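This is a predicted model, so every value here is computed, not measured. Each chain gets a letter, A, B and so on, in the order its sequence line appears, and its residues count up from 1. Computed over heavy atoms, backbone and side chain alike; hydrogens, waters and symmetry mates excluded.
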There are 2 protein chains.
Amino acid sequence: MNEDAGLSERTTHATVDDVAALAGVSTATVSRCLNAPERVIPATREKVMAAIRKLNYTPNFGARALASRKTGIIGAVVPTLENAVFAHGIEAFEQALPPGKFALLIASSGYDPQREREQIEALVARGASGLMLVGFDRDPTVYEWLGHRRVPYVLAWASGDSQPHAGFDNEAGIAQMVGLVLELGHTDIAMISGMTEGNDRARGRLEGARRELARAGLEFRGVAEVPYGIETGARAFEKLIASHPVTAVICGNDVLAAGALRAAHRMGLRVPEDVTITGFDDIDIASITYPELTTVRVPHRRMGSEAARLLQQLIDGKEGQSVQLPTRVVARGTHAPPRRKDLPASA
Amino acid sequence: MNEDAGLSERTTHATVDDVAALAGVSTATVSRCLNAPERVIPATREKVMAAIRKLNYTPNFGARALASRKTGIIGAVVPTLENAVFAHGIEAFEQALPPGKFALLIASSGYDPQREREQIEALVARGASGLMLVGFDRDPTVYEWLGHRRVPYVLAWASGDSQPHAGFDNEAGIAQMVGLVLELGHTDIAMISGMTEGNDRARGRLEGARRELARAGLEFRGVAEVPYGIETGARAFEKLIASHPVTAVICGNDVLAAGALRAAHRMGLRVPEDVTITGFDDIDIASITYPELTTVRVPHRRMGSEAARLLQQLIDGKEGQSVQLPTRVVARGTHAPPRRKDLPASA
DNA sequence: CATGTGCATGAAAGCGCTTACATGCCCTCA
DNA sequence: TGAGGGCATGTAAGCGCTTTCATGCACATG
């Protein structure tokens with residue numbers, strides 16, 4: 001309360017000045033010890049480190065960011081972490097960031113473009129020096145804003161775009177799957193797609209499937225477009241089956257497919273004997289359904305780490321190389337040739 | 001390069017000074033417009049806002065943090081986002097944070113205590129003004145460090161602790177499930193547990209189950225302790241079944257249970273006729289296995305939002321009230337009375 | 001022995017914002 | 001009508017760090 005100025009170090013956090021004083025050096029030297037140790041002679045460095053330890057000093061983040069003009073914070077906006085695809089991708093993304101150098105600020109948009117925009121602005125306002133975004137479907141003004149602010153970004157789960165991205169080809173992926181179903185002899189096919197508005201992944205899959213079908217002179221007997229979820233997938237399947245005589249149902253993702261599969265069980269349909277059901281993504285649940293799900297394998301984790309690598313290059317001011325990862329059909333247990341119409345079901 | 005100072009606003013970011021100059025007010029007023037608009041007369045505020053818009057101004061994060069001593073950043077360290085339980089909890093946690101006021105810095109520890117500690121320090125170094133941690137099992141020095149730094153924190157998925165927490169009672173939850181299995185008449189029971197070291201959730205479940213069994217004068221015929229994963233659950237099940245004559249397998253979580261279930265299918269065992277399998281958590285996958293999984297429902301999302309609420313109170317300097325959420329058994333399709341030993345399997 | 005070179009360190013000027021305190025105006029009330 | 005009070009705004013002092021430039025020393029060189 002009165003005389004002892006030295007005590008202030010106990011009541012408030014230690015600063016560079018305290019460390020410098022204790023070590024008998026200048027603040028510049030303390031700063032160098034932290035940011036460029038090789039520029040300080042070992043003897044001095046040791047003194048400084050000892051002082052730091054003794055005072056339990058940690059640099060103030062705001063001051064550091066202000067003076068150095070970097071935060072070491074990277075932002076990511078995903079639709080939702082409840083979708084395993086994004087959770088896994090983000091996890092890989094985070095792990096691929098150099099530890100100690102960057103930290104990850106995450107926000108979710110709930111598939112709402114307006115909210116996504118707010119989240120992007122919030123992350124940048126919080127000092128994000130780079131952004132990871134999902135897909136390329138968004139208002140051009142967002143890109144302009146980002147450009148104006150000079151915030152580097154990478155689009156994950158996106159492809160074929162002129163923007164820096166790490167992704168895969170949804171159309172090609174689904175085409176592989178439709179190809180397999182066609183080969184099996186199916187002609188009465190339906191699709192359960194995710195919501196396509198503002199979602200280029202879902203749209204790419206739906207359109208890719210339509211195109212592949214068209215190449216064989218066919219078109220879908222029915223298409224349902226529903227929000228992400230097991231329950232929505234299940235209900236869509238019920239409706240589709242009730243109104244169309246289909247032998248195969250292509251699903252836009254594994255969760256929808258899992259829902260469809262459950263609905264099939266509950267309706268007493270045998271899979272794959274009575275109906276073929278396929279997924280997309282090959283997340284964990286694909287291998288615990290019964291039968292195990294035939295789906296399209298997408299390297300989500302690899303994509304996450306590639307996105308991290310790319311973003312770092314961009315942040316470092318280098319020319320980043322976008323990557324397009326391959327997908328492939330994983331043939332498990334939910335596909336089979338269509339039941340021949342002229343035979344009894346039990347044949 | 002030479003005379004036109006006004007141009008600097010084009011080459012660099014606008015600052016409060018630029019805004020103040022354009023609006024014809026002082027920087028203090030600009031700051032007030034942003035942080036306490038009600039303290040500025042509407043007419044002035046409008047002028048300032050117009051200037052802000054015109055200059056496309058965004059406050060500098062570092063400067064703001066330095067001057068105001070707050071960052072609006074909250075940190076969370078989870079073992080991994082690949083575990084749906086944490087992904088969902090974090091998602092709820094994030095959504096419960098007042099939008100615009102806080103942003104979420106996320107790091108994952110991969111269940112490694114050392115790495116967790118580093119991540120905690122990294123988040124605090126990045127300015128986190130509050131932390132969400134998983135469970136209470138960690139080196140006491142971590143808590144000391146946090147206390148010394150005056151960083152408020154909340155422990156999620158933890159319970160019964162003196163620390164601020166939002167969680168549920170693992171022992172009580174598993175006891176409910178074991179109770180159900182005992183009621184069905186099982187006496188030859190095994191358990192597949194998650195790794196218990198440094199993981200109080202897994203340990204609580206294992207010990208809670210043991211205790212409940214002991215109350216009935218029984219003990220496990222076999223216990224496997226394996227890392228989180230479908231595959232590990234499957235292999236543990238195979239081993240357990242091969243070496244012990246059990247009729248029920250209690251699993252420490254749904255993923256392990258899903259693995260066990262798949263292994264059972266592959267071994268030709270019928271569930272639940274030949275063997276009862278139970279899970280814990282009630283994540284999405286519990287309702288897409290076949291049969292659907294009998295498990296213990298845990299309100300992970302609710303827990304995430306309660307944790308957010310609690311942490312905010314703590315950050316505001318209030319006395320936070322910990323919460324303990326209830327769990328309950330969800331009886332679906334993977335439980336049944338044991339097959340009577342004296343009857344043929346096909347009875 | 002004078003000069004040049006390189007390196008470790010110090011001095012001090014900001015970085016862009018917030019905020020305590022000061023100022024001046026307008027309105028109220030006796 | 002004048003003192004007092006309240007309110008909107010301005011002034012300016014930091015917040016704690018990084019970084020440029022200057023300094024001085026040790027050593028090599030002619």
Side-chain angles (χ1 to χ4, degrees), chain A residues 8-9 11-49 51-52 55-73 124-127 129 149-150, chain B residues 5 8-9 11-49 51-52 55-73 101 124-127 129 149-150:
Chain A
S8 69
E9 288 155 23
T11 60
T12 184
H13 285 172
T15 68
V16 257
D17 295 290
D18 299 324
V19 175
L22 181 59
V25 300
S26 71
T27 61
T29 299
V30 175
S31 178
R32 280 192 282 261
C33 280
L34 262 19
N35 304 303
E38 75 284 357
R39 299 195 40 204
V40 175
I41 215 168
T44 313
R45 200 191 308 159
E46 204 32 70
K47 275 193 302 185
V48 173
M49 288 313 185
I52 287 178
L55 294 176
N56 217 326
Y57 167 78
T58 322
N60 174 289
F61 175 67
R64 201 171 204 179
L66 176 57
S68 69
R69 293 127 183 300
K70 30 181 112 119
T71 56
I73 287 183
V124 172
R126 288 264 169 354
S129 38
R149 278 268 172 321
R150 301 265 159 71
Chain B
S8 69
E9 289 155 23
T11 60
T12 183
H13 286 173
T15 69
V16 257
D17 294 290
D18 299 324
V19 176
L22 181 59
V25 299
S26 73
T27 61
T29 299
V30 175
S31 178
R32 280 186 208 107
C33 281
L34 261 19
N35 303 305
E38 75 285 356
R39 299 195 39 202
V40 176
I41 216 169
T44 314
R45 200 190 308 158
E46 204 33 68
K47 276 193 302 185
V48 173
M49 288 313 185
I52 287 179
L55 293 176
N56 218 324
Y57 167 77
T58 321
N60 174 289
F61 175 67
R64 201 171 204 178
L66 176 57
S68 69
R69 290 122 187 301
K70 31 183 111 120
T71 56
I73 286 183
K101 200 168 160 206
V124 172
R126 288 267 172 348
S129 39
R149 279 268 173 318
R150 302 264 159 68

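- Going from atom NE2 of A/H13 over to atom P of D/dG16 covers 10 Å, rounded to whole Å.
- Here C/dC15 presents its C1' atom at 15 Å from CZ of B/F61, a figure rounded to the nearest Å.
- Remark: the backbone N or O of A/V40 is paired with a side-chain donor or acceptor of A/R45 at under 3.5 angstrom.
- Side-chain N or O atoms of A/T27 include none that pairs as donor or acceptor with a backbone N or O of A/V16 at under 3.5 Å.
- Put simply, CZ on A/R64 and NZ on A/K70 are 10.0 Å apart, with the number rounded to the nearest 0.5 Å.
- Looking at residues two or more places apart in sequence or on another chain, you find a side-chain hydrogen bond (donor to acceptor under 3.5 Å, both in side chains) between B/R149 and A/T58.
- Under 4.0 angstrom from either OP1 or OP2 of C/dG16 there lies at least one side-chain N or O belonging to A/R69.
- Here C/dG14 presents its P atom at 17 Å from CG of B/L66, a figure rounded to the nearest Å.
- Rounding to the nearest 0.5 angstrom, the gap separating the OH atom in A/Y57 from the CG atom in A/L22 is 13.0 Å.
- Here the side chain of A/D18 pairs a donor or acceptor atom with the backbone of A/T15 at under 3.5 angstrom.
- Axis deviation across the helix from C/dC1-D/dG30 to C/dA30-D/dT1 amounts to 40°, comparing end segments of five pairs, rounded to 10 degrees.
- Within the 3.5 Å criterion, the main-chain N or O of A/A65 finds no donor-acceptor partner in the side chain of A/T71.
- We find that CG of A/D18 is positioned 13 Å from C1' of D/dC17, with the value rounded to whole Å.
- Between the A/R126 side chain and the B/F61 main chain, no donor and acceptor come within less than 3.5 Å of each other.
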**Complete:** Protein heavy-atom contacts under 4.0 Å, written 5' to 3' over nucleotides 17-22 of chain C as B (base), S (sugar-phosphate only) or - (none), form the string BSBB--
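- Using a 4.0 Å heavy-atom criterion, one finds that A/I41 contacts the sugar-phosphate atoms exclusively.
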